[in-house]
Amino acid sequence: ASTIKLLTSLIFLEERGSTHQFSTKLGYTGTIDSEGTLTGNLIIYGTGDPSFGSGRYGRENELGILLEEMGTYVQRAGITCVEGNIIIDASYFGSDCTPHTWQYNDLGNYYASGIWSVNANENAYKLTLGRTGGKVTLKSVSPTVPYLYFKNELDLGPKNSGDQAYIFCAPYQDKAYIRGSIPSGSGNFSIRGAIPDAPYFTGYMFMEKLKEKGIHVEYVQTSFTPVPISKILYEHKGIQAGKQVKSAISKSINLYCEAFLKELGQGSRSKGIKFIESYLEENYII
């Protein structure tokens with residue numbers, strides 16, 4: 001699989017160039033009255049940027065910072081209340097976020113997170129686990145995934161037995177079962193899981209940021225069909241492709257390579273695979 005990631009990444013780099021950037025846009029539909037009420041919806045539209053909200057590229061790219069910046073543009077537009085919803089337009093990559101052949105015991109773990117048109121924090125969270133009294137306890141989740149319930153079924157294994165923990169949670173589920181074992185010892189232990197619905201998670205976190213700024217909005221929804229935007233308020237350009245490819249290859253990050261593959265297929269995984277096959281046939285003897 002990692003060998004295929006090399007081909008996918010380098011063909012993406014060849015086709016799109018090292019300065020290519022995925023984008024994420026914020027806009028709205030409807031009208032804003034004199035009191036700042038938006039009779040319409042806020043729209044976040046993404047083209048699949050896997051680096052959006054990733055702290056891998058410095059504090060200025062962390063999720064909280066980007067959402068704060070987006071909230072500032074809503075304020076500048078004079079919006080104080082949203083009568084509609086926050087709609088995440090995830091139509092470009094669609095709802096089919098993971099290959100169908102991936103194993104269930106992988107899907108809930110960070111290395112098998114899905115890829116959507118709108119992503120956040122590399123679609124991963126960290127679980128901090130305590131080891132006291134011969135039991136494993138769940139101490140914290142960062143970032144908080146508000147709709148996700150955890151069922152801890154972990155055991156303590158022998159010392160130096162390594163991380164044998166798996167998070168069982170497929171995309172779009174709201175319950176995650178943590179099974180297997182972590183090594184005995186003192187202090188905390190951490191594992192990383194896959195956010196099961198990154199578009200909704202991004203919208204929810206943005207809603208919370210707006211509430212902190214005193215902007216009223218009640219609901220978040222995801223659309224896998226295109227949503228027209230009346231006015232663009234903000235556009236975030238992702239980390240350049242050259243740096244993303246370096247991360248993908250040096251750290252063997254599946255998420256980035258899935259984004260590259262779908263981008264080569266203009267939003268479609270199957271078309272991306274056909275593109276790579278055609279590229280190899282045209283340029284190499286296989």
Side-chain angles (χ1 to χ4, degrees), residues 8 12 15-16 20-30 38 40-54 63 66-67 70 73-74 82-100 102 107 112-123 145 147 170-174 194-207 210 217-239 241 244 254-276:
T8 303
F12 168 75
E15 288 297 306
R16 293 296 186 266
H20 173 80
Q21 293 171 285
F22 293 90
S23 69
T24 304
K25 296 178 181 179
L26 169 67
Y28 66 84
T29 60
L38 171 63
N41 302 304
L42 288 173
I43 313 293
I44 297 177
Y45 171 76
T47 61
D49 182 11
S51 69
F52 185 85
S54 169
L63 182 60
L66 295 186
L67 296 180
M70 290 169 64
Y73 278 86
V74 174
V82 180
E83 285 198 343
N85 303 318
I86 295 174
I87 300 179
I88 309 302
D89 182 343
S91 60
Y92 184 54
F93 279 3
S95 63
D96 190 8
C97 60
T98 58
H100 303 168
W102 284 7
L107 289 176
S113 59
I115 183 71
W116 287 270
S117 303
V118 176
N119 307 287
N121 197 51
E122 298 186 352
N123 298 346
V145 185
Y147 53 86
Y172 306 111
Q173 290 184 341
D174 58 6
I195 294 172
D197 189 343
Y200 181 82
F201 169 79
T202 306
Y204 187 94
M205 298 301 283
F206 184 51
M207 179 176 68
L210 292 180
V217 58
E218 289 189 0
Y219 299 107
V220 175
Q221 66 182 87
T222 301
S223 175
F224 293 111
T225 57
V227 180
I229 297 178
S230 303
K231 183 177 178 60
I232 300 293
L233 298 176
Y234 167 85
E235 181 176 10
H236 173 76
K237 293 289 189 177
I239 301 301
Q244 289 196 7
N254 294 319
L255 178 77
Y256 284 81
C257 298
E258 287 294 313
F260 302 159
L261 179 66
K262 280 198 164 186
E263 171 61 21
L264 288 172
Q266 297 181 315
S268 166
R269 182 182 298 107
S270 60
K271 289 180 180 179
I273 292 170
K274 289 179 180 178
F275 183 94
I276 289 175

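Scanning for salt bridge (Lys or Arg N to Asp or Glu O under 4.0 Å) contacts around D96 gives R269, with sequence neighbours left out. Residues that satisfy the salt bridge (Lys or Arg N to Asp or Glu O under 4.0 Å) test with E235, not counting sequence neighbours, are K237.
In this structure, T29 OG1 and I87 CD1 are separated by 6.0 Å, a value rounded to the nearest 0.5 Å. The distance from atom CD of Q173 to atom CG of L107, rounded to the nearest 0.5 Å, is 9.0 Å. Between the NZ atom of K231 and the CG atom of L26 there is a distance of 11.5 Å, given to the nearest 0.5 Å. The structure places OG1 of T222 at 8.5 Å from OH of Y200, a figure rounded to the nearest 0.5 Å. Once rounded to the nearest 0.5 Å, the distance linking SG of C97 with CD1 of I115 reads 9.5 Å. Distance CE/M205 to CG/L63: 6.0 Å, rounded to 0.5 Å.
For the pair I276/L264, a side-chain contact is recorded, criterion being any heavy-atom separation below 4.5 Å from C-beta on. Side-chain contact check for F201 versus P196: every heavy-atom pair is 4.5 Å or farther apart. K262 has its side chain out of reach of Y92: every pair of non-hydrogen atoms, C-beta onward, lies at least 4.5 Å apart. Considering only heavy atoms from C-beta on, I86 comes within 4.5 Å of F206 through its side chain.
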Next item on the list: Run the numbers on T202 and N119 for side-chain contact (heavy atoms from CB on, under 4.5 Å), then give the verdict.
Entry: CA-CA 7 Å; T202 306; N119 307 287; over 6 Å; no
Notebook entry, point to check: Hey, mind stepping through E15 and F275 against side-chain contact (heavy atoms from CB on, under 4.5 Å) and telling me if it holds?
Noted result: CA-CA 11 Å; E15 288 297 306; F275 183 94; 3.4 Å; yes
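Ring geometry for H20 against F12 counts as perpendicular: the plane angle is over 60°, on a 0 to 90° scale with 30° as the lower cut. Aromatic ring pairs are classed by plane angle as parallel below 30°, tilted from 30° to 60° and perpendicular above 60°; the pair F260 and F22 is parallel.
Within the 3.5 Å criterion, the main-chain N or O of F93 finds a donor-acceptor partner in the side chain of S117. Put simply, the side chain of R16 gets close to the backbone of E263: a donor and an acceptor are under 3.5 Å apart. With hydrogens and angles ignored, the 3.5 Å screen pairs a side-chain donor or acceptor of D89 with a backbone N or O of V227. A side-chain donor-acceptor contact under 3.5 Å links S268 to the backbone of K271.
In the model, E122 has a side-chain atom that pairs as donor or acceptor with a side-chain atom of Y256 under 3.5 Å.
Across every non-hydrogen atom of M70 and Y234, the tightest pair is CG-CE2, 3.4 Å. When all heavy atoms are compared, the tightest approach of A120 to I195 is O-CD1, 4.1 Å. When all heavy atoms of T225 and S91 are compared, the pair lying nearest together is C-CB, 3.6 Å. S230 and G30 make their closest contact through OG-N, 3.7 Å (heavy atoms, listed as atom of the first residue, atom of the second, distance). When every heavy atom of N85 is checked against every heavy atom of N41, the shortest pair comes out as N-OD1, 2.7 Å. Closest of all the heavy-atom pairs between W116 and A198 is CE3-CB, 3.4 Å.
Open room surrounds OH on Y219; 12 or fewer heavy atoms of other groups in view lie less than 6.0 Å from it.
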For residues 42-52, which side-chain N or O atoms pair as donor and acceptor with protein atoms under 3.5 Å away, sequence neighbours left out?
{"unit_1": "T47", "atom_1": "OG1", "unit_2": "S23", "atom_2": "N", "d": "3.0"}
{"unit_1": "T47", "atom_1": "OG1", "unit_2": "S23", "atom_2": "O", "d": "3.1"}
{"unit_1": "D49", "atom_1": "OD1", "unit_2": "S51", "atom_2": "N", "d": "2.9"}
{"unit_1": "D49", "atom_1": "OD1", "unit_2": "S51", "atom_2": "OG", "d": "2.7"}
{"unit_1": "D49", "atom_1": "OD1", "unit_2": "Q244", "atom_2": "NE2", "d": "3.2"}
{"unit_1": "D49", "atom_1": "OD2", "unit_2": "S51", "atom_2": "OG", "d": "3.4"}
{"unit_1": "S51", "atom_1": "OG", "unit_2": "I239", "atom_2": "N", "d": "3.3"}
{"unit_1": "S51", "atom_1": "OG", "unit_2": "Q244", "atom_2": "NE2", "d": "3.1"}

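Residues Y204 and Y147 keep their aromatic ring centres 6.0 Å or farther apart.
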